[in-house]
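In what follows, chains carry the letters A, B, and so on, assigned in the order in which the sequence lines appear, proteins first and then strands, with residues in each chain numbered from 1.
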Amino acid sequence: MTVATQAAYVASSPIPAIPPPSAHAGVIGWLRANLFSSPFNVALTIVCALLILWIVPSLLRFLLIDAVWTGADRQACLATPEHPEVGACWAFVRDRINFFVYGFYPIDQRWRVDVFFAALAFGVGWLTWLDAPRRDICLIYFFAVLPIVSFLLLHGTPGGGLPLVETAKWGGVLVTVVVAAVGIVVSLPLGVLLALGRRSEMPAVRLFSVIFIEFVRGVPLITVLFMASVMLPLFLPDTWSPDKLLRALVGVALFSAAYMAEVVRAGLQAIPRGQHEAAMAVGLSYWKAMYLIILPQALKITIPNIVNSAVGLFKDTTLVFIVGIFDLLKTVEAARGDPQWATPVTSTTGYAFVAIFYFLSCYAMSRYARYVEARLAQGDRR
Amino acid sequence: MNQVTSFLRPAPLNTDVAVEMIGVNKWYGDFHVLRDINLKVMGGERIVICGPSGSGKSTLIRCINRLEEHQRGRILVDGVELLDDVKKIEEIRRDVGMVFQQFNLFPHLTVLENLTLAPIWVRHLPRREAEEIARHYLQRVKIPEQAEKFPGQLSGGQQQRVAIARALCMNPKIMLFDEPTSALDPEMVKEVLDAMNELANDGMTMLVVSHEMGFARQVANRIVFMDEGQIIEANTPEAFFASPQHERTKLFLSQILH
Ligand SMILES: Nc1ncnc2c1ncn2[C@@H]1O[C@H](COP(=O)(O)OP(=O)(O)OP(=O)(O)O)[C@@H](O)[C@H]1O
Ligand SMILES: [Mg+2]
């Protein structure tokens, strides 16, 4: 064996970087790797392509190409000899959009709802921006200031100022957003408390938390809503009969708190014992240790799951229409029966509108969850 | 300003005896992990505890700041007995610093925040003073330039020195170390031992679980040898190494010193 062959594995000169072989790069490489890597995958690709070809064009035709965009009443959306195929009747949605957004909220007061949406959007933006400054103030804003201000804004201030608008007049997107927002704003702190309670060393606290969580999780949301709207008044004095929306809100908040508690508990369990011990060893009390050391870490890794819960909750809010509350779905239900807009496509259009609204909202939320997950996976240190 | 300077040296003890354990027993379920432990540590004394794995060394020092609860006997820290009173326990923990084998730094906080957190939230120091103290101790453990980094960005040795500084920022009277160098690569052991050495020179009362016999020889006033939950031998380093009394001590020493 010569010296040269012995040393064959040692680079004899600097090796320049070269582009990868074509099979692994570019469009063809990507197609081969992702769509046609095995006979099974080839079959799957073809089936999916056929499905897409079958569904997407007719969907596009209905929603966009044949759709009616303008018009004052049902005449615009009826089939005529020169326009035999009628797609979605967006004219109906445009005509009724204010009802879908505000319900029966008085027209001259609707700016209050707009301010509420803006304040909420600001809070959500601040809360979800991972590198945001002053997150401590953000928490106070979102979990204390915003709820109180929103309530006064939407419901009216007691001493005059803003006139009273009963919740019976609220409706549409406003109610959907209020129910979802209250559900999240209340269930997060409550869920954290329940999760801590479930891990507590005090048997009574632990037992209460376990019973509450397991009971609520073992019951469908509809049942909780019925119980909140029918049974709650039985426990309370007649003089203090809470309003319908409030009862539903209590039901939704308690329901989502039980789920949030389990999500948070998973996060708490992921924090090593050493963190608790180090916090105790420097003399932090239980609550300070939780607030300063454990929860910031646990909640951070839990964000994707919290957002996923929020997505579920957001969709579940449609169930409140069963106890007679005018959420978005219910307003569409009410509007689609209006004789002024009675056409064969009105209902479909209304439901398509609701579906698109929910899809866009939920898709945005799950994209955010994915983004956070990616950031966490990157080993982001903040 | 007065407050800051008082934080820069070991806090004085109220009594002569820093830690006293009288007839301490502890069980994990049926397992008798500490058996009738009697130990008296005087102020300024430096004790090194060694012994085979599972002999109860960690459990013993963790009982001193109530990370573990003893079931029988008495433990007094600077004259205050460890009982169930949570407030008392928190008071004792303020005055007893602890350094863990796995560092246990707070990964979501910068080094500086790790150091100032407890002084601010437990000792109620103003942030400015807490940072002054923190920077002083970072200087002492020779990593002043790492203040703004996160723990995950530091080497093991640097992390452990931050952990020591974190404990010192609370101005403790007593320091507990549970195998502070066993999770470190060999080349980082020295930098941590140096920091501990310096602390010993300041007159800090220290209880150190360690198998670093060089350190023990140099720094300890007494070496305590544990086996099966008992203190088998306690002696000055000279006597301990030169003439171990017990068979098990001899065996242990022969294994550890090769
Ligand atoms: N939480 C616990 N529950 C039950 N047994 C435990 C627990 N913690 C420790 N033990 C057991 O108690 C014994 C003493 O543990 P300890 O950690 O004090 O030993 P050690 O001397 O520090 O050992 P090492 O050198 O390995 O750290 C071991 O046998 C261990 O398995
Ligand atoms: Mg140990």
Side-chain angles (χ1 to χ4, degrees), chain A residues 127 129-139 192 196 199-205 264 267-304 306 372 375-382, chain B residues 58 61-62 64-69 86-111 113-124 148-154 159 162-163 166-172 174-178 183:
Chain A
L127 196 67
W129 177 23
L130 289 183
D131 306 317
R134 297 318 303 264
R135 308 204 85 196
D136 47 344
I137 298 181
C138 172
L139 291 181
V192 167
L196 293 178
R199 290 164 55 90
S200 165
E201 282 167 12
M202 287 177 275
V205 174
V264 173
L268 288 173
Q269 245 147 14
I271 305 303
R273 244 177 86 85
Q275 292 291 307
H276 293 263
E277 291 177 350
M280 285 194 280
V282 290
L284 290 170
S285 67
Y286 174 82
W287 288 109
K288 283 180 186 168
M290 286 299 147
Y291 172 69
L292 296 166
I293 307 297
I294 307 301
L295 284 174
Q297 297 183 59
L299 290 182
K300 179 139 204 182
I301 54 174
T302 316
I303 291 175
I306 291 176
V372 174
R375 272 277 297 258
L376 293 178
Q378 254 176 36
D380 175 50
R381 299 189 193 286
R382 288 222 47 201
Chain B
S58 300
I61 70 162
R62 288 157 59 89
I64 295 171
N65 65 350
R66 236 333 144 93
L67 291 185
E68 302 290 352
E69 203 173 324
V86 178
K87 285 277 157 257
K88 271 269 151 47
I89 292 171
E90 279 167 15
E91 258 167 54
I92 288 173
R93 284 175 181 163
R94 257 172 249 176
D95 293 337
V96 180
M98 181 151 200
V99 175
F100 300 85
Q101 182 173 357
Q102 300 296 340
F103 328 137
N104 294 350
L105 294 176
F106 306 130
H108 61 304
L109 301 176
T110 63
V111 165
E113 288 164 342
N114 264 278
L115 267 57
T116 55
L117 182 116
I120 291 173
W121 287 85
V122 180
R123 293 265 190 229
H124 305 293
E148 316 305 330
K149 289 202 181 152
F150 286 90
Q153 296 167 303
L154 303 183
Q159 289 192 48
V162 171
R166 175 175 71 182
L168 293 176
C169 282
M170 280 295 282
N171 194 28
I174 301 164
M175 284 285 287
L176 309 175
F177 294 82
D178 190 0

Which residue pairs satisfy the salt bridge (charged side-chain N to carboxylate O under 4.0 Å, His left out) criterion with at least one member in residues 286-295 of chain A, sequence neighbours excluded?
none
With side chain to side chain contact (heavy atoms under 4.5 Å, CB included) as the test, would you mind laying out the steps for A:L292 and B:L109 before giving the verdict?
CA-CA 10 Å; A:L292 296 166; B:L109 301 176; over 6 Å; no
Contact class of B:I89 relative to chain A, heavy atoms under 4.5 angstrom
neither
In short, B:F100 meets A:A281 closest at the heavy-atom pair CZ-CB, 4.0 Å
Are any side-chain N or O atoms of B:H108 and backbone N or O atoms of A:I294, one a donor and one an acceptor, separated by less than 3.5 Å?
no
Hey, is CD on A:E201 packed in by over 12 heavy atoms from elsewhere, all under 6.0 Å?
no
Tell me, for B:V86 versus chain A, whether the close heavy atoms (under 4.5 Å) come from the side chain, the backbone, both or neither.
neither
Looking at every heavy atom in both A:V282 and B:M170, which two are closest together, and how far apart are they?
O-CE, 3.4 Å
Pairs satisfying side chain to side chain donor-acceptor pair (under 3.5 Å), at least one member in residues 273-285 of chain A, at least two apart
A:R273-A:E277, A:Q275-A:Q297, A:E277-B:R62
Answer with side chain, backbone, both or neither: which region of B:Q101 has an atom nearer than 4.5 Å to a non-hydrogen atom of chain A?
neither
In short, B:R166 meets A:A278 closest at the heavy-atom pair NH2-CB, 3.5 Å
Name the option with the most non-hydrogen atom pairs under 4.5 Å to chain A; the candidates are B:V99, B:L105, B:I92, B:D95.
B:L105
Which bit of B:E90 comes within less than 4.5 Å of chain A, counting heavy atoms only: side chain, backbone, both or neither?
both
